[in-house]
Every structure is written in C-alpha cells, then in structure tokens.
Amino acid sequence: MSENRVVQGRMVTAQTLAELIEDDSVMEAEQISEAETDCPECGGNVLEVGYMPSVTEFVTGQKCQDCDWAATDRD
C-alpha cells in the first residue's frame, strides 16, 4: 500500500493525516490503512492511521477521503 494517499483533493502522508484528524501536531504516525467502514456522513472511503499525539498516548484515528468527517478511538 502506498505511503501517500489523497484526502479531500490533496496528497497526505501518515503524519499529515494524523495531524488533520488531531487538528494539532503529532509526534509519530504509523502507516495509513483502509478502514473497514464507510463514512457515516457522505458514504465515502475512510482511511485509518495510528499515531502518538503525546509521549503517553496512542490513538487510532479515522478520516474520510471525501469530506471533513474524522473520529478517533477516544470518542
């Protein structure tokens, strides 16, 4: 699977995708993967990435490739 993916018309890396989900900078991000779900808002494709927003926290985030919808396993 490619490291870079298109999200809302722009190429993103795992780090950038995590920052879009978190709406802040992150320390480290794992590789982007396909989530096994469709976007609840628009039905589009959802990507998933694991990342560390801080030294003590690991979060799995999901982001729609087509709209602004995003969620984390914190929710």
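As the structure is a computational prediction, the values presented were derived from the model and not from experiment.
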Residues 41-48 side chain polar contacts: donor-acceptor under 3.5 Å, at least two apart:
from, atom 1, to, atom 2, distance (Å)
Asn45, ND2, Glu34, OE1, 2.9
Asn45, ND2, Gln65, OE1, 2.4
Glu48, OE2, Gln62, NE2, 2.8

Just how far is it from atom OG of Ser54 to atom CG of Asp24, taken to the nearest 0.5 Å?
-> 10.5 Å
Supply the atom-to-atom distance Gln15 CD to Leu20 CG, rounded to the nearest 0.5 angstrom.
-> 11.0 Å
Which atom names give the shortest non-hydrogen contact between [X] and [Y], and what distance separates them?
X	Y	result
Ala18	Val26	CB-CG2, 3.8 Å
Trp69	Cys39	CB-SG, 3.8 Å
Ile32	Val12	CD1-O, 4.2 Å
Val49	Glu30	CG2-O, 3.2 Å
Tyr51	Gly61	CE2-N, 3.9 Å

Assess whether atom CD of Glu57 is packed by more than 12 heavy atoms of other residues, nucleotides or ligands within 6.0 Å.
->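 More than 12 heavy atoms, drawn from other residues, nucleotides or ligands, come within 6.0 Å of this atom.
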Intermediate values then yes/no, side-chain contact (heavy atoms from CB on, under 4.5 Å), Arg5 and Leu17 | CA-CA 9 Å; Arg5 302 298 295 269; Leu17 179 60; over 6 Å; no
Measure the shortest side-chain to side-chain distance between [X] and [Y] over non-hydrogen atoms and say whether it is less than 4.5 angstrom.
X	Y	value
Thr60	Thr72	no
Pro53	Glu19	no
Val7	Lys63	yes

